[in-house]
Protein chains: 2
Amino acid sequence: MRARSLLCISTAFCLTLIAHSVAQARDSLPSWNDGPAKQAILTFVKVTTDPASPSFVPPEQRIATFDQDGTTWVEHPMYTQFIFAFERVAELAPQHPEWKTTPPFQAVLTDDKAAMAKFTMKDLETILVATHTGMTVDQFQDIVKDWLAKAKDQRWHRPYTDLIYQPMLEAMQYLRDNGYKTYIVTGGGQDFVRVYGEQVYGIPPEQVIGSALETQYIYNKEGQGILMRPPKLLLNDDFSGKPEDIYLFIGRHSKVAFGNSTGDQQMLEYTQAGGGAPLMMIVLHDDAQREYAYGPAQGLPDTKVGTFTQALYDEAKSKGWFVISMKNDWKRIFAWEK
Amino acid sequence: MRARSLLCISTAFCLTLIAHSVAQARDSLPSWNDGPAKQAILTFVKVTTDPASPSFVPPEQRIATFDQDGTTWVEHPMYTQFIFAFERVAELAPQHPEWKTTPPFQAVLTDDKAAMAKFTMKDLETILVATHTGMTVDQFQDIVKDWLAKAKDQRWHRPYTDLIYQPMLEAMQYLRDNGYKTYIVTGGGQDFVRVYGEQVYGIPPEQVIGSALETQYIYNKEGQGILMRPPKLLLNDDFSGKPEDIYLFIGRHSKVAFGNSTGDQQMLEYTQAGGGAPLMMIVLHDDAQREYAYGPAQGLPDTKVGTFTQALYDEAKSKGWFVISMKNDWKRIFAWEK
């Protein structure tokens with residue numbers, strides 16, 4: 001302590017020094033078990049932020065991208081945004097009496113699980129158009145906000161924004177603390193995620209990239225310009241759409257990317273193609289106890305949500321991507337867990 | 001000085017205090033003449049960054065958007081990106097002997113000004129497709145970089161990146177110094193501007209929004225993923241495209257916006273619609289001596305570049321937007337001027 005006291009030539013400098021020591025001692029990833037995944041994140045940050053390292057990344061190039069569904073929050077048994085859409089169908093039904101006898105709405109309204117399991121892409125599209133379009137962007141935001149405030153999931157009976165993975169929140173914060181700009185890059189709706197992204201992930205709307213409708217700037221009766229949501233998809237931010245949209249929105253390769261399914265494969269490839277010492281990680285859902293276990297890479301059935309195939313597993317192994325085992329690598333999955 | 005000395009309880013605090021005093025005394029907008037335009041910018045920053053002000057804007061909402069052509073650099077007599085395209089036609093001509101006798105290339109190759117003046121949108125599109133598409137995004141960036149390094153404008157015989165308006169650079173820096181995130185929102189090509197945006201404006205690629213092609217993520221012969229530029233427009237970032245793309249990329253209204261033509265009208269309206277105490281400014285090209293004078297609002301001929309119409313002028317006046325007179329409001333136009 002004597003050496004430190006001598007260095008404390010001013011109160012401000014002294015406080016800085018102590019804060020630095022505390023930060024050094026603190027575990028930035030307390031919900032991660034010690035193991036190769038945690039170590040990979042720590043090493044990545046170390047080698048890309050140390051100016052003396054050959055893999056040093058200048059601050060303006062520190063870009064981190066995270067898939068959402070299945071990577072930063074629960075996606076099983078159904079994407080949250082589809083649950084929103086289905087519950088919205090029920091809410092809108094009184095204004096559409098014909099839905100009672102019209103597929104695919106009929107199946108949703110009668111909770112016909114067998115029929116819903118057989119929904120085609122066209123069926124889902126019909127439901128998304130009915131629930132996501134034809135209003136202003138502000139109206140849509142309010143609808144999502146209201147829904148999130150009252151909706152609960154069926155297993156834990158908690159708000160959906162409680163189903164965020166605590167280890168991923170820590171990884172995001174740790175990267176930000178080291179100068180990384182964190183982005184969500186999701187196949188889900190950009191507008192949907194932006195409603196809660198800042199509050200839940202600490203990620204502002206301009207750093208949420210996702211599938212997006214065209215919007216249309218028109219004038220209302222009062223001559224005021226408003227942004228409408230017509231039923232026209234502009235960006236399908238999944239598979240090859242992910243690198244395409246990262247290029248469109250950011251214009252540089254991400255240096256670290258987290259995914260969990262074949263829909264993230266191209267984003268991870270694109271991250272690796274950026275050179276340096278990039279980090280690519282994939283979450284494997286192998287914890288039936290605390291969350292869910294699914295996906296062909298484990299010999300388990302494919303699901304309608306993000307698919308972790310054997311081919312993706314093999315690509316990960318051959319290219320040096322890290323597979324995060326929820327069961328082994330995560331000490332705690334949710335913030336509210338004991 | 002006695003009061004200040006008493007306050008200097010630590011070296012660090014003392015230095016902070018002195019730095020603050022120096023900043024107060026410095027003119028942040030030295031290339032602006034004193035007048036309503038300069039005052040509007042100073043007032044805007046004051047009322048939106050003072051926590052005690054009713055118009056205070058929280059840091060995360062401090063978004064500033066700037067049109068480019070005619071607002072932050074010279075657009076007359078032709079958009080720089082068209083000059084690039086035309087010079088690129090000449091460069092590519094040896095590989096396309098048929099262009100010598102094929103319109104619209106023929107007119108460009110023979111420098112037939114009369115024919116070029118009559119170019120239709122279709123002609124320009126043909127030239128843009130031939131010069132901007134069919135390569136990877138990295139190849140396109142290199143082509144633009146190489147061109148910018150050697151191309152000179154015809155009036156001042158300087159690199160095009162020297163034709164940036166110094167007062168606008170100061171406004172950008174002043175806004176950034178006060179927590180504003182500065183964006184370019186241009187009808188020009190997003191990829192084109194991103195090549196020099198960081199160096200010239202201090203604006204990183206992720207804060208350059210512009211017209212954009214679709215890109216296509218495909219695998220090359222080596223199995224490496226690459227981003228190609230097919231001839232398909234994704235975003236036309238002009239007129240109503242500006243608020244649409246600000247919403248797409250940023251997800252919030254800008255609090256201050258600078259434009260110079262009818263193509264910026266909707267961006268300024270959208271800024272105003274965000275509420276608070278927003279600032280909308282339009283550059284009037286009324287300085288034939290030091291730059292150019294053009295546009296119907298001055299009874300001068302319309303041009304092929306950004307059009308400042310009488311209607312836009314009237315809208316500005318009625319809505320409280322500020323018109324920046326290059327002649328009267330700008331002490332200096334370019335950094336290299338005496």
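Only heavy atoms go into these numbers, but all of them, side chains included; no hydrogens, no water, no symmetry mates. All chains are named by letter (A, B, ...) in the order of the sequence lines, taking the proteins before the strands, and each is independently numbered beginning at 1.
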Participant: Does the separation of the ring centres of A:Y217 and A:Y219 fall below 6.0 angstrom?
Facilitator: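 Yes.
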Participant: Taking the six-membered ring for Trp, are B:F84 and B:F192 ring centroids under 6.0 Å apart?
Facilitator: yes
Participant: Report which part of A:A212 has an atom under 4.5 Å of a heavy atom belonging to chain B: side chain, backbone, both, or neither.
Facilitator: side chain
Participant: Can you tell me which portion of A:Q141 sits under 4.5 Å from chain B's heavy atoms? Options are side chain, backbone, both or neither.
Facilitator: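 Just its side chain gets close to chain B.
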Participant: Would you find more than 12 non-hydrogen atoms of other residues, nucleotides or ligands less than 6.0 Å from B:K319 atom NZ?
Facilitator: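 Yes, enclosed.
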Participant: Checking A:I226 against chain B: side chain, backbone, both or neither under 4.5 Å from a heavy atom?
Facilitator: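 Neither; nothing under 4.5 Å.
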Participant: At a heavy-atom separation under 4.5 Å, does A:L227 approach chain B through its side chain, its backbone, both, or neither?
Facilitator: side chain
Participant: Flag the one option from A:Q207, A:Q216, A:E60 with the top tally of heavy-atom pairs under 4.5 Å to chain B.
Facilitator: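 Looking at each of A:Q207, A:Q216, A:E60 in turn, A:Q216 comes out on top.
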Participant: Between B:E244, B:E198, B:Q224, which has the largest tally of heavy atom pairs under 4.5 Å with chain A?
Facilitator: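 Maximum pair count with chain A is reached by B:E244.
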Participant: Let me see the working for A:Y160 and A:Q81 under side-chain contact (heavy atoms from CB on, under 4.5 Å), right down to the final yes or no.
Facilitator: CA-CA 10 Å; A:Y160 287 96; A:Q81 196 167 352; over 6 Å; no
Participant: Taking the six-membered ring for Trp and the single ring otherwise, decide whether the centroids of B:W73 and B:Y196 are under 6.0 Å apart.
Facilitator: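 Aromatic pair counts; centres sit under 6.0 Å.
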Participant: Hey, are B:T133 and B:R229 close enough side-chain-wise for a donor-acceptor pair under 3.5 Å?
Facilitator: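 There is no such pair between these side chains.
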Participant: Give, as side chain, backbone, both or neither, the part of A:L235 having an atom under 4.5 angstrom from any heavy atom of chain B.
Facilitator: side chain
Participant: Select, from B:I63, B:L213, B:D191, the one with the greatest count of heavy-atom pairs under 4.5 Å involving chain A.
Facilitator: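 Looking at each of B:I63, B:L213, B:D191 in turn, B:D191 comes out on top.
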Participant: Heavy atoms only, distances under 4.5 angstrom: which of A:Q190, A:Q266, A:K242 has the most pairs with chain B? Name it, please.
Facilitator: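 Max contact count across the listed options: A:Q266.
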Participant: Based on non-hydrogen pairs under 4.5 Å, which of A:G241, A:S240, A:P204 is most in contact with chain B?
Facilitator: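 So the answer, after comparing A:G241, A:S240, A:P204, is A:S240.
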Participant: Which atoms of A:K181 are under 4.5 Å from chain B, going by heavy atoms: the side chain, the backbone, both sets, or neither?
Facilitator: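 Just the side chain, heavy atoms under 4.5 Å.
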Participant: Please walk me through it: do B:V208 and B:Y183 pass side-chain contact (heavy atoms from CB on, under 4.5 Å)?
Facilitator: CA-CA 6 Å; B:V208 175; B:Y183 284 80; over 6 Å; no
